[in-house]
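Read the numbers this way: they start at 1 and go in the same order the structure lists the ligands and their atoms. Given the structure is predicted, the values throughout are model-derived calculations rather than measurements.
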Amino acid sequence: MTSERSSNLNRREFIRSSGAAVAAAAIAGTAATTPAEPRRERLALVGTGGRGSTMWGRNLLQDCGDVVEIVGLCDINAKRALASQKFIGINAPTFVDFDQMIGATKPDRVVVATMDSTHAQYIIRAMELGYDVITEKPLGTDEEQCQSILDAEKRLGKKVTVTFNARHIEGAKRIKQFALDKTLGDIISVNFHKYLSTDHGASYFRRWHRLRENSGSLLITEGCHTLDQVNWWLDSVPVEVEAHGTLRVYGRNNSFRSSHCRVCPYKDRCQFYWDITRSAFDMKLYAECESEDGYLRDGCVWKEDTNIYDSMSVIVRYENNASLTYTLDAFLPFEGDEVIINGTKGRIDWNSYAGGDYRREDLRLTRTFGKSELITDLPKPLAGGHGGADPSMHNLLFRQAGAPDPLGSLAGTRAATYASLIGIGAYRSIDRGGQVVKLRDLVAV
Ligand SMILES: NC(=O)c1ccc[n+]([C@@H]2O[C@H](COP(=O)([O-])OP(=O)(O)OC[C@H]3O[C@@H](n4cnc5c(N)ncnc54)[C@H](O)[C@@H]3O)[C@@H](O)[C@H]2O)c1
């Protein structure tokens, strides 16, 4: 999250002050000092928490402020909407009522960045009011939400774009290119192991994500990134899932607990103690808004009602007979991904780890009966959140809107449903003691 908040190059200022802008104005026969302002796309944002205020707020305007503007901010927490307005540095009006925001601001498109289980209601309402939607992942956290969105999109003829930024990571893009080029022949199996650290992993157990009714569990709120990536690489449809999940570290697995870190009597003993007062951003956006909704951003990781898992293993079978073995553990000393893709003509190994002294990032292609090579010519990522994936997504959505997208880096509701559906199938399988769940029984995609 820290990198999301870091300041990017202000492209608007750059373009305005560059020789290119002056030359363009001269060619157009206008004075360089009064360039014509192109019409900017008007966005209304619902959900002004961390992601809304950064990715869809301040960072978006830094990346694309010359082509988009934010005309309204809405959140169930009125104070947070105001704090967000201030953080982003705009005067757009704030609302707690979504319909009022839409009626008053008449945007071009709606952006949804609320808590996961509330996406569906805003996506559908925006379409009913006549708008296309950009939504944060996941599309939905259960079968009914996904089905209602798919049905509404068809019925209302509107378009929903789901922002899977993990498709925009340079390594992921190169793997997609290898898949399109059939470099590995037919892909038979994928092993994807996801490791979340005691920082990132624990952050889910401090907040609303710790309840399945809010997040659909980590299999959805976090897993949908990975599962969408694999579906995208394989270009096939997942058909059945079996899974195992357990909660072994967080939640009830401790002898002491409190409501949240600031008031905790065990600060000195708890290795998960997190001092929110050290972050001005978190204090303003969350702590100073608690009076409205009681949302504790530094909630205790040991809450006994936590009903998601911190260790999960999932096996997925695809329509093209490929299989995926996916694991997610959320309590580890360092963060990382370990991805192995096995095909009839070779194998890809993609590792990225970061934590403490340990850093590793490599993509390797090994051809069967052939050479093994490290891929060293990946483009340098853009400056910005999630290793440059966030600004890359901004560009594709706004600056290069309508431009060719040869890798298919923008996802719609069908792909997003399959990403959620594997997680939904997996938690249904865990509920049923590891039974195989057939995904077409859950949602008609
Ligand atoms: N793509 C990514 O890399 C990425 C990263 C972080 C978060 N996200 C997604 O962004 C979304 C927001 O996450 P966040 O980290 O900002 O969480 P957050 O808790 O900081 O913000 C969520 C906001 O939603 C608001 N909210 C909750 N229920 C609401 C309702 N019914 N109506 C209106 N507003 C409501 C809350 O008040 C809060 O301001 C989530 O869907 C999350 O999965 C995506």
Atoms in ligand 1 flagged as close to His386, the criterion being non-hydrogen separation under 4.0 Å: 3 (O)
So is Tyr286 close enough to ligand 1, meaning a heavy atom under 4.0 angstrom away? yes
Before signing off on this row, confirm whether Thr118 and ligand 1 have an N or O atom pair separated by under 3.5 Å. no
Which residue from Thr114, Asp75, Asn77 reaches closest to atom 25 (C) of ligand 1 through any of its heavy atoms? Asp75
Note: Phe98, heavy atoms under 4.0 Å from ligand 1, region reported as neither
Give the numbers and elements of all ligand 1 atoms closer than 4.0 Å to a heavy atom of His225. 1 (N), 2 (C), 3 (O)
Test Asp390 against every option in Asn395, Thr54, Asn165, Thr163 by the side-chain hydrogen bond (donor to acceptor under 3.5 Å, both in side chains) rule and name the one that passes. Asn165
Please state whether Tyr295 comes within less than 4.0 angstrom of ligand 1, counting heavy atoms only. yes
Please classify the Thr221 to ligand 1 contact at 4.0 Å (heavy-atom distances, strictly less than): side chain, backbone, both or neither. side chain
What part of Ile76 sits under 4.0 Å from ligand 1 if we count only heavy atoms: the side chain, the backbone, both or neither? both
Does His119 have a heavy atom less than 4.0 Å from any atom of ligand 1? yes
Between Arg248 and Asp310 (salt bridge meaning N to carboxylate O under 4.0 Å), is one present in this structure? no
Can Asp63 and Arg399 be counted as an ion pair, charged N to O under 4.0 angstrom? no
Is the closest basic N to carboxylate O distance between Glu292 and Arg80 below 4.0 Å? no
Residue-ligand contact His209/ligand 1, heavy atom below 4.0 Å: no
Compare all side-chain heavy atoms of Leu247 with those of Arg252 and state whether any distance is below 4.5 angstrom. yes
Counting from 1, what ligand 1 atoms have a heavy atom of Gly49 closer than 4.0 Å? 16 (O), 20 (O), 21 (O), 23 (C), 39 (O)
Ile187 side chain near Val190 side chain, heavy-atom distance below 4.5 Å: yes
Can you check whether Thr163 has an N/O within less than 3.5 Å of an N/O in ligand 1? no
Taking Arg262 first and then Glu290, would you say they form a salt bridge - that is, a charged N and a carboxylate O separated by under 4.0 Å? yes
N or O contact, Gly50 vs ligand 1, cut-off under 3.5 Å: yes
Verify whether one side chain among Asp116 and Ser215 offers a donor that lies under 3.5 Å from an acceptor in the other. no
For the residue pair Ser311 / Asp329, report whether a side-chain donor-acceptor contact shorter than 3.5 Å exists. yes
Nearest heavy atom to atom 15 (O) of ligand 1, choosing from Lys79, Met55, Gln121, Arg207, belongs to Arg207
Contacting atoms of ligand 1, where contact means under 4.0 angstrom from a heavy atom of Asn165: 1 (N), 2 (C), 3 (O)
Between Glu136 and Trp56, is there a side-chain donor-acceptor contact under 3.5 Å, judged purely by atom types and distance? yes
Hey, is Asp228 close enough to Lys137 for a salt bridge, meaning N to O under 4.0 Å? no
If we number the atoms of ligand 1 from 1 as shown, the ones under 4.0 Å from a heavy atom of Arg80 are 36 (C), 37 (O), 38 (C), 39 (O)
Check each heavy atom of Glu136 against ligand 1 and say whether those closer than 4.0 Å belong to the side chain, the backbone, both or neither. side chain
